[in-house]
Amino acid sequence: MTLKPHSFASRLTRWITLTVLLTMTAVSLLILHLVTEAMMDETQARFHGIINIVDSKVEGVLSSVEVAAGNNVNAIEKALSRGDDIQIVLAEELKLNPHVVGCGVGFIPNYFPEEGRWYEPYAVRRGNGNIEVSQIGSEYHDYLKSDWYINAMKRNQGYWSDPYYDSEGGCTMMCTYAHPVYTEDGVLVGAFGSDISLEWLTKQLVEIEKKSETYGWLKVNRINEEVRPYSFIISRTGEYVVHPETFRVLAGNMVNEAKHTDTDIDDKLAHKMIHGETGYMTLDIDGRECIVFYSPLKRTEWSMAIVVPRVLILMPAYFLSTMVLVLMLIGLIIVFFVSRVAVRRIAKPLGILAASADEVAKGHFDTPLPVLEHDDEISHLRDSFEKMQTSLADYIEKLKESAAQKASYESELNIARDIQMSMLPKIFPPYPERKDVDLYAQVLPAKAVGGDLYDFKIRDEHLFFCVGDVSGKGVPAALVMAVTSALFRSLSEKEDNPARIMKALNKAISTRNESLMFVTLFVGNLDLRTGTMQYCNAGHTPPALSSNLGTGYLPCDANVPIGIMPGVEYTLQVADVKPGTTIFLYTDGLSEAENEKYDLYGDGRIMETLKETIGQTPERIVSRMKSSVREFTGDAEQNDDLTMLAVQYYVK
């Protein structure tokens, strides 16, 4: 089954869409990050502003209470000198101060002996607006141990106490501003206290939260109660002064609660708040991630915090990101379809050009190419393809001509090879009727034609034979080989002396040898009646002798190869060949055969193989030598012509 390839237009459209998608995703993430940071900055400023509003409200109330307390202290001190009724003075002063729910004076023990040890006249405003005055000091209500009394007497100045619940006087949660009371003689006789209820502070927080119901675009009253923000105030010791969970007020301590949690983040928050720091922290409160904004109320050394669920702060950012995502998807769909149409139109010429290329690939070089309207890269590609089409057609024609010439050349080489091989003796055994001599030879050219030669003939009971190697390879070497072989056959018809045969060959080859080719040659004349062998060597590898007596090389004089220079005198040598001896002649294509590691076959392996074939026929010797060389060279390419001739002499 052939799969239909994806079109260029489809792939390009997908890449454009993917690029736009990645870009839009990066932009949307950047927008989300920037909006989140902006929302955090705006929210921090917003809620710290709320705390500042509360601080200003508290500042105003406390300031008015402090001023009023100062006036009341003066009135009480004057009443002491005149002997006025202190309770009546307290009632009058309470009427003039609406923020104060109660006020009283705690005198030093037994200051008024008739009143006993504890004397604390106290005026309180009840819920119906009536003012009640009474003496509330007793051993059960020992004001002498109260925080406000002790610190006012000790500090000798005004002092705001920590929140507490007064069960005898105001019967509510309150905070007292205490001031020392002196006689005209400057004797410290007691402390005056103005009490304010914490209910007004709770009401202030509720009013401020109602005015701040909108967070971004979202209304608080539309939100589940669990994600509604809330606020609380702690004292300088960590006690809750105001908290939406009323059971915590004056009963819970933020520092103590933080020590019993599994994390130290709440402990850090409590530490920062009781030390009057400003900032915000992220906390996990009841399994919900919240942002806690905190800042001190400087007048009282208290600290206020507003707890806002993080989701409430980030909802505008999430909403904006959602809108951006929707718009991005819509834009992406538009980009996809617009790109699809545009890219298909632009890529249409490429499809036509590809179809034309397929026809050219099938061999239809005259296939017309499309005409393009625009001068762009596709048009340049079309022009380049047209030039390639023309060049390819010309190349094919030239290739056909070259192939025809090569076929003709190979045919001529085959003919030359046949002619060359026909010049060499190739019928073996050549003299089956003779019992005194046996021969076998083989040529393995490195190319179609080679430059090695061998030849032999019997005349007048003498065996004339030769083995030669023409320098070079191919047709030139084959021509010199043919000439040398023909001259040897002609000269050996009349001349018995191998040295004179060699001299005549050298003269003939040297004449007009402009290519400076030469031939290494060995010529021998074996008297089959006596075993006497005359021979002459012209730079060739000496023949090897093998018999039951052993193996070795025939001693040869150093004569120059034929064809180098005319007039060279060659030496004649004589040797007695024992019956049963094999004369093995070869060219350097045998000894210099290389394997894949460029190791040479060498004379040592030649001798080892000859020892293995002692007593065997010349054909068997040559065949074994050839297989041994092939085993050694393996897959390595033959780099030189290889010729072997084995002559075996017997007694008649």
Side-chain angles (χ1 to χ4, degrees), residues 428-429 437-446 450 452-456 463 465-469 498 520-526 531-559 561 573-636 638-651:
F428 297 100
V437 67
D438 191 11
L439 299 94
Y440 189 83
Q442 191 170 22
V443 175
L444 301 174
D452 283 5
L453 68 129
Y454 71 87
D455 203 352
F456 54 84
L463 174 64
F465 58 94
C466 72
V467 171
D469 185 1
T520 63
L521 188 66
F522 180 89
V523 176
N525 177 6
L526 175 62
T532 301
M533 181 176 69
Q534 296 180 337
Y535 61 94
C536 180
N537 185 43
H540 197 75
T541 302
L545 301 179
S546 175
S547 67
N548 292 330
L549 299 177
T551 58
Y553 284 102
L554 182 68
C556 293
D557 292 341
N559 294 307
Q573 293 179 273
V574 180
D576 291 330
V577 178
K578 303 299 182 181
T581 299
T582 299
I583 307 170
F584 183 72
L585 301 95
Y586 57 92
T587 60
D588 58 6
L590 176 63
S591 59
E592 296 178 3
E594 295 180 348
N595 60 13
E596 294 178 340
K597 297 180 180 179
Y598 302 103
D599 297 327
L600 299 180
Y601 186 72
D603 295 336
R605 291 184 176 84
I606 294 175
M607 288 301 175
E608 289 295 327
T609 304
L610 287 177
K611 289 178 182 179
E612 295 174 4
T613 57
I614 292 176
Q616 298 184 13
T617 64
E619 181 178 1
R620 179 59 184 164
I621 293 172
V622 171
S623 177
R624 179 68 188 93
M625 192 68 70
K626 182 173 67 173
S627 62
S628 176
V629 171
R630 286 180 175 174
E631 291 173 3
F632 173 77
T633 57
D635 295 331
Q638 183 180 343
N639 56 8
D640 197 4
D641 300 334
L642 170 59
T643 298
M644 294 176 286
L645 171 63
V647 178
Q648 203 167 69
Y649 172 65
Y650 305 99
V651 178

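Just so you know, residue 1 is the first one in the sequence shown, and it goes up from there. Computed from heavy atoms alone, side chains included, the values below leave out hydrogens, waters and symmetry copies.
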Asker: Using the side chain to side chain donor-acceptor pair (under 3.5 Å) criterion, which residues pair with Asn525? Sequence neighbours excluded.
Answerer: His462

Asker: For Asp455, which residues count as a side chain to side chain donor-acceptor pair (under 3.5 Å) partner, sequence neighbours excluded?
Answerer: Arg489

Asker: Compare all side-chain heavy atoms of Tyr649 with those of Thr581 and state whether any distance is below 4.5 angstrom.
Answerer: no

Asker: Would you compute the distance between atom NZ of Lys578 and atom CG of Leu549 and round it to the nearest 0.5 angstrom?
Answerer: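 If we round to the nearest 0.5 Å, Lys578:NZ and Leu549:CG are 8.5 Å apart.
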
Asker: What residues, two or more places apart in sequence or in another chain, satisfy side chain to side chain donor-acceptor pair (under 3.5 Å) together with Tyr440?
Answerer: none

Asker: Are any of the side-chain heavy atoms of Thr643 and Leu453 separated by less than 4.5 Å?
Answerer: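 Contact flag for Thr643/Leu453 side chains = no.
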
Asker: Can you name the nearest heavy-atom pair linking Leu645 to Cys466, along with the distance?
Answerer: CD2-O, 4.1 Å

Asker: What's the spacing between Leu600 CG and Arg605 CZ if we round to 0.5 Å?
Answerer: 9.0 Å

Asker: Looking only at heavy atoms, what is the nearest atom pair of Tyr454 and Ala441, with distance?
Answerer: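 Of all heavy-atom pairs spanning Tyr454 and Ala441, the closest is CE1-CB, 3.3 Å.
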
Asker: By the definition side chain to side chain contact (heavy atoms under 4.5 Å, CB included), identify the one residue from Cys556, Cys536, Pro498 that meets it with Gln573.
Answerer: Cys556

Asker: Give the intermediate values and the outcome of side chain to side chain contact (heavy atoms under 4.5 Å, CB included) for residues Thr613 and Phe584.
Answerer: CA-CA 12 Å; Thr613 57; Phe584 183 72; over 6 Å; no

Asker: Is any side-chain heavy atom of Phe522 closer than 4.5 Å to one of Leu585?
Answerer: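 Counting from C-beta outward, Leu585 and Phe522 do come under 4.5 Å.
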
Asker: Among residues at least two apart in sequence or on other chains, which ones pass side chain to side chain donor-acceptor pair (under 3.5 Å) with Thr609?
Answerer: Tyr601

Asker: Any chance you could measure Leu439, atom CG, to Thr582, atom OG1, to the nearest 0.5 Å?
Answerer: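 Rounded to the nearest 0.5 Å, the CG-OG1 separation comes to 10.5 Å.
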
Asker: Of all residues at least two apart in sequence or in a different chain, which pass the salt bridge (Lys or Arg N to Asp or Glu O under 4.0 Å) check with Asp640?
Answerer: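 For Asp640 there are no salt bridge (Lys or Arg N to Asp or Glu O under 4.0 Å) partners, ignoring immediate neighbours.
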
Asker: Work out which heavy atom in Glu594 is nearest to a heavy atom in Ala636; give both atom names and the distance.
Answerer: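 Heavy atoms of Glu594 and Ala636 come nearest at O-CB, 3.6 Å.
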
Asker: Would you say Phe456 and Val647 make side-chain contact, with heavy atoms under 4.5 Å?
Answerer: no

Asker: For Lys597, does its backbone N or O pair with a side-chain atom of Asn595 as donor and acceptor, under 3.5 Å?
Answerer: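 Indeed, once roles are kept as given, a pair shorter than 3.5 Å links the two residues.
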
Asker: Going by side-chain contact (heavy atoms from CB on, under 4.5 Å), name the residues that satisfy it together with Asp603, two or more places apart in sequence or in a different chain.
Answerer: Tyr553, Tyr586, Ser591, Ile606

Asker: Let me know which of Asp452, Asp469, Asp641 forms a side chain to side chain donor-acceptor pair (under 3.5 Å) with Thr587.
Answerer: Asp452

Asker: Restricting to non-hydrogen atoms, name the atom on Val629 and the atom on Ala593 that form the minimum distance, rounded to 0.1 Å.
Answerer: CG1-CB, 4.0 Å

Asker: Mind checking side-chain contact (heavy atoms from CB on, under 4.5 Å) for Ala538 and listing every partner two or more places apart, or none if nothing turns up?
Answerer: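 Counting only residues at least two positions away or on another chain, Ala538 forms a side-chain contact (heavy atoms from CB on, under 4.5 Å) with Met502, Ile562, Tyr570.
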
Asker: Tell me the closest heavy-atom pair linking Leu554 and Ala575, and the distance in Å.
Answerer: CD1-CB, 3.9 Å

Asker: Ile583 versus Met533: any side-chain heavy-atom pair under 4.5 Å?
Answerer: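 SC-SC contact between Ile583 and Met533 confirmed.
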
Asker: Not counting sequence neighbours, list each pair that qualifies as a salt bridge (charged side-chain N to carboxylate O under 4.0 Å, His left out) and has a residue in residues 606-630.
Answerer: Glu612-Arg624

Asker: Heavy atoms only: give me the nearest Phe465-Leu526 pair and the separation to one decimal.
Answerer: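 Closest heavy-atom pair between Phe465 and Leu526: CE2-CB, 4.2 Å.
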
Asker: Can you tell me which residue pairs pass the side chain to side chain donor-acceptor pair (under 3.5 Å) test with a partner in residues 535-550, sequence neighbours excluded?
Answerer: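 As it turns out, the side chain to side chain donor-acceptor pair (under 3.5 Å) pairs with a partner in residues 535-550, which skip direct neighbours, are Thr520-His540.
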
